[in-house]
Amino acid sequence: MRLMYSVIYILLIAALLTCTVLARRSDKPFKDSVGLLEAALIVPIFGNLLVIASTARIVAVIGSYIYFLGMDLLLFALVNFTNAYCQGIGNGTQKPTVMYIALSADAVQVLLNLVFGHVFDMEATMVDGELSTTVWCPTSD
């Protein structure tokens with residue numbers, strides 16, 4: 001099962017790389033923001049691939065960090081694309097600075113998990129008779 005998901009993720013990453021290259025070669029005005037959005041989709045998928053494919057805790061933890069930070073990058077790219085496509089907000093010139101600050105703050109607090117352990121941790125589990133790792137989020141008991 002783990003191998004099947006890994007192959008699917010690798011194929012998806014290859015397809016996204018192809019789409020990124022094709023988007024960047026386009027002569028459309030939004031090619032850069034579309035290319036960034038396509039490339040940003042690769043990062044969380046790669047992180048999830050590491051989590052699924054690994055049996056070592058450290059690799060799964062690194063994959064989780066890549067996944068969570070990749071989601072922030074993906075949202076940044078989505079805001080960037082939306083801003084480029086809609087040509088700003090309000091009168092058309094305002095940048096979505098509040099969103100960029102919020103996404104940066106989220107990335108910093110995910111990185112602070114290294115010190116405080118407040119975002120997630122890993123736990124070993126057995127899936128189909130094989131050792132696997134599971135991401136779990138701490139609860140406020």
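N113 and H118 make their closest contact through OD1-N, 2.9 Å (heavy atoms, listed as atom of the first residue, atom of the second, distance). Here the shortest heavy-atom pairing between L50 and G63 reads CB-CA, 3.8 Å. Of all the heavy atoms in S54 and R2, the pair that sits closest is O-NH1, 3.2 Å. Contact between N80 and Y100 at its shortest, heavy atoms only, is CA-OH, 3.6 Å. Minimum interatomic distance between S6 and I52 (heavy atoms only, all atoms of both residues): OG-CG2, 4.3 Å.
For the side chain to side chain donor-acceptor pair (under 3.5 Å) criterion with N48, the lone passing option out of Y5, Y9, Y67 is Y9.
Atom CZ of residue F116 and atom CG of residue L111 lie 12.5 Å apart, to the nearest 0.5 angstrom. The CE atom of M71 sits 14.5 Å away from the CD1 atom of I66 when rounded to the nearest 0.5 Å. Considering CG of L12 and CG of L49, their distance stands at 10.5 Å, rounded to 0.5 Å. Atoms CD1 and CG, on I45 and L16 in that order, are 5.0 Å from each other to the nearest 0.5 Å. From L73, atom CG reaches atom CG of L41 across 9.5 Å, with rounding to the nearest 0.5 Å.
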**Request:** Decide yes or no on side-chain contact (heavy atoms from CB on, under 4.5 Å) for V43 and L69, but give the supporting numbers first.
**Result:** CA-CA 8 Å; V43 179; L69 293 172; over 6 Å; no
**Request:** Carefully, step by step, assess V110 and D106 under the rule side-chain contact (heavy atoms from CB on, under 4.5 Å).
**Result:** CA-CA 6 Å; V110 167; D106 186 61; 4.3 Å; yes
Distance-only donor-acceptor hits, side chain of residues 21-40, under 3.5 Å, sequence neighbours excluded:
from, atom 1, to, atom 2, distance (Å)
S26, OG, K28, N, 3.1
S33, OG, F30, O, 3.1

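Cluster annotation: L114 and V61 are assigned to the same hydrophobic cluster (Ile/Leu/Val/Met/Phe/Trp/Tyr, side-chain heavy-atom contacts under 4.5 Å, transitive).
When ring centroids are compared, F120 and Y65 come within the 6.0 Å threshold.
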